[in-house]
Amino acid sequence: MSVGPALPDLQMAMVGALVAAALGGGVLLLLRRFLSAGVRRFPPGLMRGKTVIITGANCGIGRAAAAELARLQARVILACRDRQRGEEAAAAIRRELGEEEPPPHCGELLVKELDLASLSSVRRFCQEVVQEEPRLDVLINNAGILQCPYMKTEEGFEMQFGVNHLGHFLLTHLLLGLLKSSAPSRIVVISSKLYKYGEINFEDLNSKQSYNKSFAYSRSKLANILFTRELARRLQGTQVTVNVLHPGIVRTNLGRHINIPLIAKPLFNLVSWAFFKTPAEGAQTPVYLASSPEVEGVSGRYFGDCKEEELLPKATDDLVARKLWDISEVMVGLVT
Ligand SMILES: NC(=O)c1ccc[n+]([C@@H]2O[C@H](COP(=O)([O-])OP(=O)(O)OC[C@H]3O[C@@H](n4cnc5c(N)ncnc54)[C@H](OP(=O)(O)O)[C@@H]3O)[C@@H](O)[C@H]2O)c1
Ligand SMILES: *[C@@H]1O[C@H](CO)[C@@H](O)[C@H](O)[C@H]1NC(C)=O
């Protein structure tokens, strides 16, 4: 037999295999998108009479969590750095809910200004909340910034450490009285699996010696977990719980500082559409921790997909957690 005729056959087979792979892949993508776990529904009315604060609630995971908690009839305060963007999100959520569950069968949404990159803004926000709100049942520390170029907060802290950790540290501290007087109450902290690549390098928490944007993000997310541990320890016996979670990979605006070459954008969009979670899916674990009776009394734990997960030893180091707490108190001016 000559080799000649075999070659086209081989080529045909390869083309066939490629086409089959592409089709199979396409079908898989569609299945992933449309048959995926989807969104778990809690009983309506579960959060009636409860007040929830969500930071960074004008888009992404925070916005989706706000919508779901309002659907469960909570009074939801969207804490946003830009009032306009916050009001637009609140109006859009009201429209969405109004079609599904017209008032009074859904909760209330209100917007308050909070810039976590400014400690004076954090203080103003908390003063207003404490004056105006008789109770606070849930605080969700969700706002975050990812891998931005080197920037400083108003007080001169490195932006990712400043917003993701320090701003929320002061915020939580100043709202703790109200949370305690409303107990049983809950604090929910959004971290990320990327904490694994971080380190609490006490000698350069402000990245003055060197700035690595990936490291700084991971460090801030490790700080979120250590903060949760230390706070849970301090809150023992108060009926205020605090838990931390990673949401998975979610299609949001978080990547705004990452430059994807124009030519790779369509591929990225396809992959993210197919494989990333929707914001509503990403909001599942925060909503679960904020509202489910299953986690009543549970504190100081780390969750993913509504289940408890293990942490690396660096995220369970109580000495580092305590030292980070003490230094954070000084950095935000709670202790001199
Ligand atoms: N998306 C993911 O795959 C993923 C994975 C792991 C962890 N997370 C975490 O999930 C959380 C939510 O992120 P997302 O994915 O929903 O991203 P997003 O769509 O970018 O939302 C982030 C929110 O934080 C707000 N924010 C940023 N800086 C702020 C500041 N200085 N003061 C007040 N608010 C500020 C943003 O407000 P503006 O719109 O005004 O900028 C926005 O509302 C973050 O903590 C993030 O680290 C996300
Ligand atoms: C920046 O930090 C990341 C995560 O910690 C690390 O993997 C990477 O090697 C660092 N890059 C440089 C240039 O040091």
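All ligand and atom numbering here is 1-based and tracks the order in the structure. Everything numeric in this text was worked out from a predicted model, so none of it was measured.
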Assess whether a salt bridge exists between [X] and [Y], defined as any Lys/Arg side-chain N lying under 4.0 Å from an Asp/Glu carboxylate O.
| X | Y | result |
| --- | --- | --- |
| Glu96 | Arg63 | yes |
| Lys314 | Glu199 | yes |
| Lys277 | Asp305 | yes |
| Lys208 | Glu158 | no |
| Glu230 | Arg234 | yes |

Element-labelled atoms of ligand 2 that are located less than 4.0 Å from some non-hydrogen atom of Phe215: 2 (O), 5 (O)
Numbering as shown, the atoms of ligand 2 that approach Asn212 to under 4.0 Å (heavy-atom distance):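 Every atom of ligand 2 under 4.0 Å from some heavy atom of Asn212: 1 (C), 2 (O), 3 (C), 8 (C), 10 (C), 11 (N), 12 (C), 14 (O).
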Under the side-chain hydrogen bond (donor to acceptor under 3.5 Å, both in side chains) test, residues paired with Asn224 that sit two or more places apart: Lys221
Contact bool for atom 5 (O) of ligand 2 (protein heavy atom, d < 4.0 Å): yes
Atom 9 (O) of ligand 2: any protein heavy atom closer than 4.0 Å: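 Protein heavy atoms within 4.0 Å of atom 9 (O) of ligand 2 - there are none.
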Side-chain donor/acceptor pairs under 3.5 Å, residues 84-92, sequence neighbours excluded:
residue, atom, partner, partner atom, Å
Gln84, NE2, Glu88, OE2, 3.0
Glu87, OE2, Arg83, NH1, 3.4

For Ala232, side chain to side chain contact (heavy atoms under 4.5 Å, CB included) partners two or more places apart: Val242, Ser299
Amino acids contacting ligand 1, non-hydrogen cut-off under 4.0 Å: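 Near ligand 1, by chain and number: Gly56, Asn58, Cys59, Gly60, Ile61, Arg81, Arg85, Leu114, Asp115, Leu116, Ala117, Asn142, Ala143, Gly144, Val163, Ile190, Ser191, Ser192, Tyr217, Lys221, Pro247, Gly248, Ile249, Val250, Thr252, Asn253, Leu254, Arg256.
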